[in-house]
Chemist: 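Handing you a structure now.
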Amino acid sequence: METVIDVGIHLYWWLSISAASLAVLPIYGIDWFRNAVILSACRGKLTDKAPSQALGVLSDAFVPQKWFSHFYIVGSVWNAVVLLLLLQKTTPAYFSSLLCSCTLILFQVHVVRRFIETVYIMKYPKDARMHVLAYVFGLSYYIMVPMTYAYPLYAHQACRHSSVVREIMGVVICLLGQLVQSHSHYILSTLGKSKNTRRYVIPRGGLFQFVSCPHYFGEIVLYVGLALTGTEGTLSGWYPCVWVVLNLILAARMTHAWYKEHFKTYPATRKALIPFLY
């Protein structure tokens, strides 16, 4: 049974990372696949520019974007269950390392915070949508991430030779990423978007002075922190981080292009995702 779970975790991430890589990298001859991934990834204002009919009969299968909250409900409940199972399984010697348990605790803070932001802070237009494939994948993602972080310790395969410095670094980086993302979401929530119109304005303040998507940058930073706290002796903890980087590069690229297209006065020096670099 443990072998099946282990293979399933690796297979899930290999397929997810491969799909994201093919969509991001400029590989010739796979436009059909890239367009399918882009269409499934589009949400909110980006759905108007999504490649049409890239997914055949599923091309017009969208759900409300406010259903994003479902991801965090599933994530917070399932992560709490996995954490409790981990605490029951691990011995004090293993748990004292805090390598995997710390990762799950930080992830719990993340998904609970995102639920609060999605329901009570973010202002989605009534007609904002996301593709049904993104919705289904999102649900699976928040089931797989806690399993990915916890399984190596649960199976006594990793979290050996723990480094206190590495753990502290991971915690600090993760919390900084969460702070950046939360602050960026707050700025977005205060923009002049009427509940009855689809009027957007140029975000300003915070890291928006440097990039179009600081909330995505913050998410990448927090996942790097999560990976640092939970990957001693295994690379599997980096799977979610790698997928997040690829996915948000694609999303930031589309969002940055949308802003430049719709605002002629958009700051020319502003990057898409990473300050001063990209």
Side-chain angles (χ1 to χ4, degrees), residues 23-24 34-35 37-52 54 59-72 113-135 138 177-222 244-278:
V24 169
R34 183 178 297 109
N35 288 337
V37 174
I38 289 174
L39 175 56
S40 65
C42 283
R43 59 181 181 267
K45 58 182 176 289
L46 299 179
T47 56
D48 293 338
K49 294 295 183 180
S52 61
S59 296
D60 297 322
F62 288 88
V63 298
Q65 189 178 2
K66 65 181 180 180
W67 285 12
F68 244 77
S69 61
H70 299 177
F71 299 158
Y72 307 119
R113 173 184 61 83
R114 288 295 291 120
F115 173 75
I116 294 172
E117 290 175 350
T118 302
V119 174
Y120 299 106
I121 297 177
M122 302 302 294
K123 300 175 182 177
Y124 297 117
K126 291 182 178 180
D127 57 347
R129 306 173 300 160
M130 63 176 167
H131 199 273
V132 68
L133 291 184
Y135 178 71
Q178 299 211 42
L179 181 61
V180 168
Q181 187 179 55
S182 186
H183 182 244
S184 301
H185 284 154
Y186 171 75
I187 292 175
L188 288 174
S189 73
T190 61
L191 297 180
K193 291 191 296 184
S194 169
K195 294 183 178 179
N196 299 316
T197 67
R198 299 200 65 180
R199 185 172 68 88
Y200 291 88
V201 299
I202 299 175
R204 302 187 187 278
L207 287 184
F208 279 107
Q209 299 302 111
F210 304 101
V211 293
S212 296
C213 304
H215 47 315
Y216 293 163
F217 175 68
E219 183 144 355
I220 289 174
V221 171
L222 75 87
V244 163
V245 170
L246 293 170
N247 178 57
L248 295 185
I249 285 175
L250 180 63
R253 182 187 298 170
M254 293 189 294
T255 301
H256 189 61
W258 187 93
Y259 277 127
K260 291 198 296 183
E261 178 183 350
H262 287 78
F263 298 102
K264 302 307 180 183
T265 59
Y266 198 70
T269 58
R270 189 178 295 189
K271 299 297 185 180
L273 180 62
I274 304 174
F276 310 112
L277 296 178
Y278 176 78

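Basis for what follows: all heavy atoms, side chains included, without hydrogens, waters or symmetry-related copies.
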Chemist: Can you tell me how far apart CZ (R113) and CG (L222) are? Round to the nearest 0.5 Å.
Modeler: 6.5 Å
Chemist: Roughly how far apart are Y124 OH and M130 CE, rounded to 0.5 Å?
Modeler: 8.5 Å
Chemist: If you look at every heavy atom in V37 and A23, which pair is closest and at what distance?
Modeler: CG1-CB, 3.5 Å
Chemist: Can you name the nearest heavy-atom pair linking F276 to K271, along with the distance?
Modeler: N-CG, 3.8 Å
Chemist: Does the side chain of K45 reach to within under 4.5 Å of the side chain of T255, using non-hydrogen atoms?
Modeler: yes
Chemist: As an exercise, state the distance from CZ of R270 to CG of L207, rounded to the nearest 0.5 Å.
Modeler: 10.5 Å
Chemist: Hey, what do you get for CG (L188) to OH (Y200), rounding to the nearest 0.5 Å?
Modeler: 10.5 Å
Chemist: Do you know which two heavy atoms are closest between R204 and I187, and how far apart they sit?
Modeler: O-CG2, 3.4 Å
Chemist: Between S184 and H215, do the side chains contain an N or O donor and an N or O acceptor separated by less than 3.5 Å?
Modeler: no
Chemist: If I take atom CD from residue Q181 and atom OH from residue Y216, how far apart are they, to the nearest 0.5 angstrom?
Modeler: 10.0 Å
Chemist: List the atom of A252, the atom of C213, and the distance in Å for their closest heavy-atom pair.
Modeler: CA-SG, 3.8 Å
Chemist: So among Y259, W258, F208, which one has a ring-ring contact (aromatic ring centres under 6.0 Å, His included) with Y266?
Modeler: Y259
Chemist: Measure from the ring center of F71 to the ring center of F115 and say whether it is less than 6.0 Å.
Modeler: no
Chemist: Examine the side chains of R253 and Y278 and answer whether a donor and an acceptor come within less than 3.5 Å of each other.
Modeler: yes
Chemist: More than 12 non-hydrogen atoms from neighbouring residues, nucleotides or ligands closer than 6.0 Å to NE2 on H183, yes or no?
Modeler: no
Chemist: Checking side chain to side chain contact (heavy atoms under 4.5 Å, CB included) for the pair M122/F68: CA distance, chi angles, key distance, verdict?
Modeler: CA-CA 11 Å; M122 302 302 294; F68 244 77; over 6 Å; no
Chemist: Looking at every heavy atom in both A50 and L39, which two are closest together, and how far apart are they?
Modeler: CB-CD1, 3.4 Å
Chemist: Does the side chain of Y135 come within less than 4.5 Å of H70's, by heavy atoms?
Modeler: yes
Chemist: Could you check whether any side-chain N or O of K123 sits under 3.5 Å from a backbone N or O of S189, counting only pairs where one atom can act as donor and the other as acceptor?
Modeler: yes
Chemist: What pair of heavy atoms forms the shortest contact from I220 to L273, and how long is it?
Modeler: CD1-CD2, 3.7 Å
Chemist: Nearest 0.5 Å, please: how far is CG in D60 from NE2 in H131?
Modeler: 7.5 Å
